Amino acid sequence: MALTLAGLAAERPLGLRVLTGDDLLDRPIGWVHPTELTDPQAFLEGGELLLTTGLALDEETSPAYVRRLVGTGVAALGFGVGLSHEFVPRSLVATAGEVGLPVLEVPRETPFIAITRAVSRAVAADEYATTVRIGRAQQELTRTAVGRSGPAGVLRKLAKLVDGWVLLFDRTTVSEAAPASARAYGPSLREELERLRTGTRVVALEGQEVVLQTLDTGARRVLAVGAALDTAGRHIVNTAVSVLSLALEQDRAQAAAREALRTGLLELLVGGQAELALRVLAASGAEAPAAPWSVLVFAGPPAARRKLLGALENEPVFAARHGSTVVAIGAADVVTDAALRVGGLHGGLAGPVTAAGFAAGLEQAELACRVAEAEGKALVSAAEHSARGLLSLIDPVVAHIYGENLLAPLRRHDETGRGDLETSLRCWLEHHGHWDVAAARLGVHRHTLRNRITKAQELLGRDLDSPGVRAELWVALQT
């Protein structure tokens, strides 16, 4: 930590006396600069302790001199007495008190070089402490990145090292947070994230400084750090950006390799090589679910399928990408619960099946999945689908299209409000063409029903006395 005016004044061998600015002694001292110039502005950067004996100063020139120093941002003025002046000019002290410039009286017996040495030692110690802190932080972050905790562990370690909070964004969505409560800051940073393309951006959030830094990864990721960062803190954040970029790319490569392996194992199972597939799975360090297996197939948007695979990564199931679906083998309740949490997915369930019957079970689950998609259901079991009889043998998507096309003339007619032909036809077929029973169920006269069926026959261009036509219409009405 940098030496402050208070720390310097507390060094008794120097004998310094504070004349003004008692409430400003927490200012850090960047360096010491002795000069007798009345206008040293060109030689100052700000933050210095300026030392002078006041050789060219008097009661008249001191006020303007003090104001010039304040304009350059010096930390304080050290005035040596006993040489040019027996005491610090009163006008200098008064003006310094007005404008907020700390003034330290330096006794005759304290050489300026002693003050310079004291500050120099403190600066060197501070720089050394900063270097040590940065080095240790780099080691900790690197060990964490290559350990089991991975990117999430790096974020937790970084938050601790900078004494703040950290967020990792995948585009504008928070993917990791440390601590977990920091997720609440995510929505407030979305607008700034959309503006940031690459590099670093510093923004203010609820009175706190937040650093946004893009990562060098294939996907667009941004690290957000909410903390008061000193020099060491900024170096630590830069280190975290580097190790996080490497860790995330490594995770991505490993995930792609695991996904390819699982897809290959699934293909072996489908091809009837279950023994080889299970042997390879065990060699990869994974544990195969105990047979017999429930087989589940889920379809949906790519993002939802990716989330489902991620959600099942550490569950006691085997899951793999299969074309445009996700196939899972194992505990059905675990898989379906994960799919419901993800949302936007439609699934089919078959089994339990043995390893030898896996291919057949997969076909049944895929057909049930297509039924779930067509009907907008979260899950349909193969048993439930096969209980539908003849309809279970028809591809649900094809059946839906067939029904839409066949019944389109009736539905267009019904939309005009001139008669409920589709409902009437359905009821009439349900009651095997019995006019009186169907009319009673509909609550209309049998002649009204006859007129409706005649109209339906005209629109459809089909002979409704034909058993085959009636069967086709019944199938169409069930889709």
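What you see is a predicted model, and the numbers here were worked out from it, not measured in a lab.
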key: Evaluation steps, side-chain contact (heavy atoms from CB on, under 4.5 Å), between Thr336 and Leu349   = CA-CA 9 Å; Thr336 52; Leu349 167 66; 6.0 Å; no

State whether the number of non-hydrogen atoms from other residues, nucleotides or ligands found under 6.0 Å of [X] atom [atom1] is greater than 12.
| X | atom1 | answer |
| --- | --- | --- |
| Asp163 | CG | no |
| Glu458 | CD | yes |
| Arg183 | CZ | yes |

Give me the atom names and distance for the closest heavy-atom approach of [X] to [Y].
| X | Y | value |
| --- | --- | --- |
| Pro179 | Gly164 | CD-O, 4.4 Å |
| Pro102 | Arg27 | CD-NH1, 3.3 Å |
| Ala438 | Cys427 | O-SG, 3.7 Å |
| Leu212 | Ala224 | CD2-CB, 3.5 Å |
| Arg305 | Thr325 | CD-CA, 4.0 Å |
| Val380 | Ala368 | O-CB, 3.3 Å |

inquiry  = Using the side chain to side chain contact (heavy atoms under 4.5 Å, CB included) definition, which of the options Leu296, Val353, Val327 pairs with Leu362?
reply    =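 Passing option: Val327.
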
Student check: side-chain heavy atoms of [X] and [Y] closer than 4.5 Å:
| X | Y | value |
| --- | --- | --- |
| Leu449 | Leu442 | yes |
| Asp230 | Arg234 | no |
| Val211 | Leu229 | yes |
| Glu422 | His413 | no |
| Thr172 | Leu189 | no |
| Gln138 | Leu161 | no |
| Leu24 | Leu5 | no |
| Glu206 | Tyr185 | yes |

Does the [X] side chain pair with the main chain of [Y], one donor and one acceptor, at a distance under 3.5 Å?
| X | Y | result |
| --- | --- | --- |
| His346 | Cys369 | no |
| His434 | Asp436 | no |
| Ser294 | Ala332 | no |
| Glu48 | His33 | no |

Within this structure, what is the [atom1]-[atom2] distance for the pair [X] and [Y], rounded to the nearest 0.5 Å?
| X | Y | atom1 | atom2 | answer |
| --- | --- | --- | --- | --- |
| Arg221 | Leu244 | CZ | CG | 9.5 Å |
| Leu429 | Ile453 | CG | CD1 | 7.0 Å |
| Gln213 | Thr200 | CD | OG1 | 3.0 Å |
| Leu309 | Lys307 | CG | NZ | 13.0 Å |
| Arg441 | Thr423 | CZ | OG1 | 13.5 Å |
| Thr231 | Ile134 | OG1 | CD1 | 7.5 Å |

remark   = By salt bridge (charged side-chain N to carboxylate O under 4.0 Å, His left out), Arg201 pairs with (sequence neighbours left out) Glu192

Phe298/Leu379 under side-chain contact (heavy atoms from CB on, under 4.5 Å): CA gap, chis, key distance, verdict = CA-CA 9 Å; Phe298 282 91; Leu379 185 70; 4.1 Å; yes

ask   = Any chance the side chains of Asp170 and Thr173 put a donor and an acceptor closer than 3.5 Å?
value =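 Their side chains do not contain a donor-acceptor pair, so the 3.5 Å distance test is not met.
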
ask   = Between Trp293 and Phe358, how do the two ring planes meet: parallel, tilted or perpendicular, split at 30° and 60°?
value =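 Ring orientation, 0 to 90° scale: perpendicular.
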
task = Evaluate the criterion side-chain contact (heavy atoms from CB on, under 4.5 Å) for residue pair Ile29 and Thr4; output intermediate values, then yes/no.
result = CA-CA 6 Å; Ile29 303 172; Thr4 63; 6.0 Å; no

inquiry  = If you apply the rule side-chain contact (heavy atoms from CB on, under 4.5 Å), what do you find for Val154 with Val243, and how did you get there?
reply    = CA-CA 8 Å; Val154 173; Val243 298; 4.1 Å; yes

inquiry  = For Thr448 and Asn451: C-alpha separation, side-chain torsions, deciding distance, then whether side chain to side chain donor-acceptor pair (under 3.5 Å) applies.
reply    = CA-CA 5 Å; Thr448 300; Asn451 291 336; 5.5 Å; no

query = Between Arg195 and Glu191, does at least one N-O distance fall below 4.0 Å, as a salt bridge requires?
reply =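 The answer is yes: the pair qualifies as a salt bridge.
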
